[in-house]
Amino acid sequence: MSAVIECINISKQYKGGCQALDNVSLNCQSGRIVGLLGPNGSGKTTLIKILEKLLVPTGGTFAIAGQTDPVEIKKIVSYLPDCNFLGDTLTVKDALDYFQTFFEDFDRPRAEEMMEKLGITGTQYLKTMSKGTKDKLQLVLVMSRRAKLYLLDEPIGGVDPATRDFILHTIVANTDEDSSVLISTHLISDVEPILDEAVFINNGRIVLKSTVDAIREEHGKSVNDYFREVFKCY
Amino acid sequence: MLLKMYRYDMKNVSIPLLIVHGILLVLTALEMILMPFADAGNAVMTVSAIVAVLMVLTAITAVVLTNLLLVLRFYRRMFTEEGYLTNALPMTVDQQMLSHTLAYLTWYAADAVIVMGTFLALVLRPAYGKSGIPSEAVPYIAFLIISLILGIIASACTMSGLAHLSSSVGHLFPENKGVMTFIFYLVFGFLCQVFFAVFSVCLLIGRSGAALFGSQSLHDAEGNLINVLPEAVPIVLILFVGLMVLAAVMYFISRSIIKNHLNLA
């Protein structure tokens, strides 16, 4: 296994003095599904945006599969943001064409196969779709790339349990030995079954990085229960 | 990647712009058919007048829509939720901005050619329809055409720079991004107009301008056209360079804001 993510002392301070990340060092191997777990405002999204080169860190360095150049990183990283990034005026076919045009690693047959299972047709306009269907479509597009790293920011936030199951199944089914997945979420009980590793982040600092099995063995409880203990508010 | 994004920028704005410019061309053709018969009776004259008014309104709509859609296109794909996808594409900020500038140039040029062409067609048709263009006027018409081409290129680059600058500066105000972008578009647009006006006046009150516009007539005592091209050409070139420098300044300020202040790598 080789390192897909190598972060060394990443810091990010926003204007106004908010320290979103404070000397974060992280190393993730290929073939792993890693949960980036933390409460709201802990720095999860900031870290993911930095790894996708959407934000510039104020300190530290990082490489994705050995790459440091922004364009090269974007070629090998598939990113799912926590919002609707496809314009509502597009049809499903337009969205597929867009991904095929700009991402050389986009596997269109794989995307079409998944869409067929979901009953999504190419002529459908995105503005006619429900939030859950749009989320599924976005995930299908992102996971249909043969990327080295998938960065998924809150992929199961705000969707029903059936959609969550589909999303988690899609993530597992499309992750191969050469690629890694970093999932940011605070809905731990839902993602726990698919995680290999868990990274706890709080106030911009990594407070724990361990395999899911090790957490269960060492603490005698599930990752979800241990998370509740660590981030207890009262 | 630059050309791929250019194609998408073009595709995004093309349908409404093709429709409105198509309507303008149809109205022009109709007006050209009606004009020779305008003296025939009140009914034809009335229809011709209505078509002429519609032509003017459509031309104004075409110009406004062209600029509006192209500004919105850049704003949406860079600074709204769609930006999460656009900025995750494997391309540089320069490619993102240049592709939009090229699309702006293409549609701005098409718009200018169609709008000016339709009105020139109506104006020139009765003037030169029978006798043709006098040979002595050919260099001046060639000069005018070249000046127009340079003017269109410089204006398109300036307008595109204005779109980039107002969007990026407006985005520095996270609470009111859209409103601030609109306000800065008006403010920077006004400043560009002031720059252009001052720059032009400075040129025209110089020796070249005096020589060009000092005489009351374009003809000398013997009735021949005075050759003003040696004086006019440098003025046009200086104006062109001035506007291109202004566009470049706006481009690099926007680029700096996007890279350093908005933190897009």
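Each chain gets a letter, A, B and so on, in the order its sequence line appears, and its residues count up from 1.
When the shell of 6.0 Å around CZ of A/Arg110 is examined, it contains more than 12 heavy atoms from other residues, nucleotides or ligands. By the 6.0 Å contact criterion, CG on A/Asn203 is open, its count of non-hydrogen atoms from other residues, nucleotides or ligands being 12 or less. Counting heavy-atom neighbours within 6.0 Å of A/Lys136 NZ, excluding the residue itself, gives a total above 12. More than 12 heavy atoms of other residues, nucleotides or ligands shown are found within 6.0 angstrom of CZ on A/Arg164. The environment of B/Phe188 atom CZ is dense: over 12 non-hydrogen atoms of other residues, nucleotides or ligands sit within 6.0 angstrom. Remark: B/Leu186 CG is packed, more than 12 non-hydrogen atoms of other residues, nucleotides or ligands lying under 6.0 Å away. Within 6.0 Å of the OH atom in A/Tyr125, the count of heavy atoms belonging to other residues, nucleotides or ligands does not exceed 12.
Nearest heavy-atom pair, B/Ala88 versus A/Lys74, reported as atom, atom and distance to 0.1 Å: O-CB, 3.6 Å.
In this structure, chain A has a heavy atom under 4.5 Å from the side chain of B/Tyr8, while its backbone stays farther away. With a threshold of 4.5 angstrom between heavy atoms, A/Phe102 approaches chain B through its backbone and through its side chain.
The shortest distance between side-chain heavy atoms of B/Tyr84 and A/Asp82 does not fall below 4.5 Å. Side-chain contact between A/Phe99 and B/Leu85: present, with at least one pair of heavy atoms (C-beta onward) separated by less than 4.5 Å. The shortest distance between side-chain heavy atoms of B/Thr86 and A/Phe85 does not fall below 4.5 Å.
To the nearest 0.5 angstrom, B/Met91 atom CE is 12.0 Å from A/Lys75 atom NZ. We find the CG-CG distance between B/Asn87 and A/Leu55 to be 10.5 Å, quoted to the nearest 0.5 Å. Of the inter-residue distances, the one linking B/Lys11 atom NZ with A/Tyr98 atom OH reads 11.0 Å to the nearest 0.5 angstrom. Taking OG1 of A/Thr101 as the start and CE of B/Met5 as the end, the distance is 10.0 Å to the nearest 0.5 Å.
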